[in-house]
Amino acid sequence: MSLQKAVFPPIVAVFNHKGGVAKTTTAGNLAACLAALGYRVVLADLDAQGNATGSFGILPLPPIGAMDVITGRVPLDQALVPTAFPGLSLLPATTQLRTAELELAAHERSHQALREAFASQSIASHADIVIIDCPPSLGTITGNALAAAAAVLLPARPDPYSHEGLVNTWHEIKRLRQTANASLNVAGILLTMTGDDPTGGDVERSMRAEFGDQVYAHSIESDPKVTEAAQLGVPVAVLDPDGGAGAGYLLACEELVTRLRRHARHDVQPLAEPASHGDALNTLRDWRARLPGLQRRANQSPAWTAVQAANEDAFTPQPPPQTRPEKTGFGWPALIAALILGMAMGAAAMRFLG
Ligand SMILES: Nc1ncnc2c1ncn2[C@@H]1O[C@H](COP(=O)(O)OP(=O)(O)OP(=O)(O)O)[C@@H](O)[C@H]1O
Ligand SMILES: [Mg+2]
């Protein structure tokens with residue numbers, strides 16, 4: 001299909017030039033919340049670190065993924081990996097993303113490779129919405145994400161350094177609009193990890209004053225459950241849908257949907273009306289209740305807490321164990337040694353008696 005005629009689902013790139021501002025956490029949680037709101041979602045992990053892929057418990061990184069689709073080596077449907085959450089699939093990162101800059105440099109229109117791949121692979125038949133987790137730099141891969149995207153969402157921490165990073169990122173997006181994607185919208189600035197910096201309140205106020213409505217009304221508070229969720233390989237919105245960061249992500253996700261539905265574009269499929277807040281919340285709670293490893297954690301007594309903390313690995317998604325022959329109490333080598341010893345003792349006894 002030609003690029004001019006192609007119709008895309010809304011593609012949202014989650015980007016900020018600055019590292020560690022919760023891009024990956026935001027991408028994974030928004031993807032899960034969008035699925036809970038009833039959409040078919042593809043979460044594309046374009047960061048060679050593979051954190052979005054790992055945050056769904058997919059480790060080590062699979063052999064086939066985003067880079068194979070971008071370069072046209074593998075069809076999209078063969079690269080997509082289903083998740084435990086109905087409606088949400090992952091286009092995983094692979095180690096090839098580490099050399100993507102070099103590989104894409106040979107591509108005639110190196111910034112358009114992802115958009116062309118999504119068009120030729122009919123991404124719209126796989127997803128109502130695509131979320132892209134970008135690396136923390138504006139190289140060729142992020143350039144591809146922003147050239148394919150209808151909108152970019154900027155997570156930002158309300159601290160003085162992040163504020164400076166946000167201003168730089170804002171200018172880079174403006175520049176990219178002139179070169180690669182004139183119709184790229186900003187899907188807003190989402191404040192993350194709020195409440196853990198004493199100056200955070202002041203910085204937040206000045207960000208809201210400077211960027212106005214671009215800043216989401218709901219922010220994501222700093223919450224230890226986020227780290228716990230990452231270790232368990234589930235989004236915090238599923239692990240703790242009623243808690244601080246978990247609840248914040250569903251509210252922010254609904255805000256994102258409202259913003260996307262407001263900006264109609266001829267080459268972007270409109271988003272259908274989402275499920276209600278209550279229904280989406282119940283879906284997230286239901287997913288949590290169905291996760292077998294997590295179920296064991298529910299209703300745990302204080303005595304069990306200490307035991308389970310010591311055995312944390314039992315709840316961490318692990319690669320399948322190597323199959324080993326089951327150990328019996330008395331292995332083969334020991335049995336053979338006992339037989340030889342027995343025979344030697346028997347012979348010695350015969351000689352002694354004879
Ligand atoms: N709301 C939160 N509360 C507490 N910790 C958080 C929260 N959000 C993210 N974190 C933690 O902050 C760290 C950075 O988050 P994340 O990996 O999502 O950032 P990033 O912007 O994707 O980083 P990078 O630039 O390296 O890709 C992670 O350890 C994550 O678990
Ligand atoms: Mg990241």
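Note that ligands are numbered from 1 as they come in the structure, with each ligand's atoms numbered from 1 the same way.
The closest donor-acceptor contact from the side chain of Thr83 to the backbone of Leu88 lies under 3.5 Å. Remark: the backbone N or O of Leu76 is paired with a side-chain donor or acceptor of Gln121 at under 3.5 angstrom.
A salt bridge links Asp128 with Arg40: the closest approach of a Lys/Arg side-chain nitrogen to an acidic carboxylate oxygen falls below 4.0 angstrom.
Side-chain contact check for Tyr249 and Thr26: at least one donor-acceptor pair (N or O, by modelled atom type) lies under 3.5 Å. For the residue pair Glu101/Thr140, the side-chain donor-acceptor check at 3.5 Å is satisfied. A donor-acceptor contact closer than 3.5 angstrom links the side chains of Ser162 and Asp159. A donor and an acceptor atom, one from each side chain of His163 and Glu210, are located under 3.5 Å apart.
In the displayed structure, Arg261 atom CZ is contacted under 6.0 Å by more than 12 heavy atoms of other residues, nucleotides or ligands.
Protein-derived N/O/S atoms nearer than 2.8 Å to the Mg ion (ligand 2) total 1, waters excluded.
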What short N/O contacts, under 3.5 Å, does ligand 1 make with the protein, listed by atom pair and distance?
| from | atom 1 | to | atom 2 | distance (Å) |
| --- | --- | --- | --- | --- |
| ligand 1 | 1 (N) | Glu221 | O | 2.9 |
| ligand 1 | 3 (N) | Asp223 | N | 2.9 |
| ligand 1 | 3 (N) | Asp223 | O | 3.4 |
| ligand 1 | 18 (O) | Thr24 | N | 3.4 |
| ligand 1 | 18 (O) | Thr25 | N | 2.9 |
| ligand 1 | 18 (O) | Thr25 | OG1 | 2.6 |
| ligand 1 | 19 (O) | Ala22 | N | 3.1 |
| ligand 1 | 21 (O) | Gly20 | N | 3.4 |
| ligand 1 | 21 (O) | Val21 | N | 3.0 |
| ligand 1 | 21 (O) | Ala22 | N | 3.1 |
| ligand 1 | 21 (O) | Lys23 | N | 3.0 |
| ligand 1 | 21 (O) | Lys23 | NZ | 2.9 |
| ligand 1 | 22 (O) | Lys23 | N | 3.4 |
| ligand 1 | 22 (O) | Thr24 | N | 2.8 |
| ligand 1 | 22 (O) | Thr24 | OG1 | 2.8 |
| ligand 1 | 23 (O) | Gly20 | N | 3.1 |
| ligand 1 | 25 (O) | Gly20 | N | 3.0 |
| ligand 1 | 25 (O) | Lys23 | NZ | 2.8 |
| ligand 1 | 26 (O) | Gln49 | NE2 | 3.3 |
| ligand 1 | 27 (O) | Gln49 | NE2 | 3.3 |

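Ring planes of Phe85 and Trp287: tilted class, angle from 30 to 60°.
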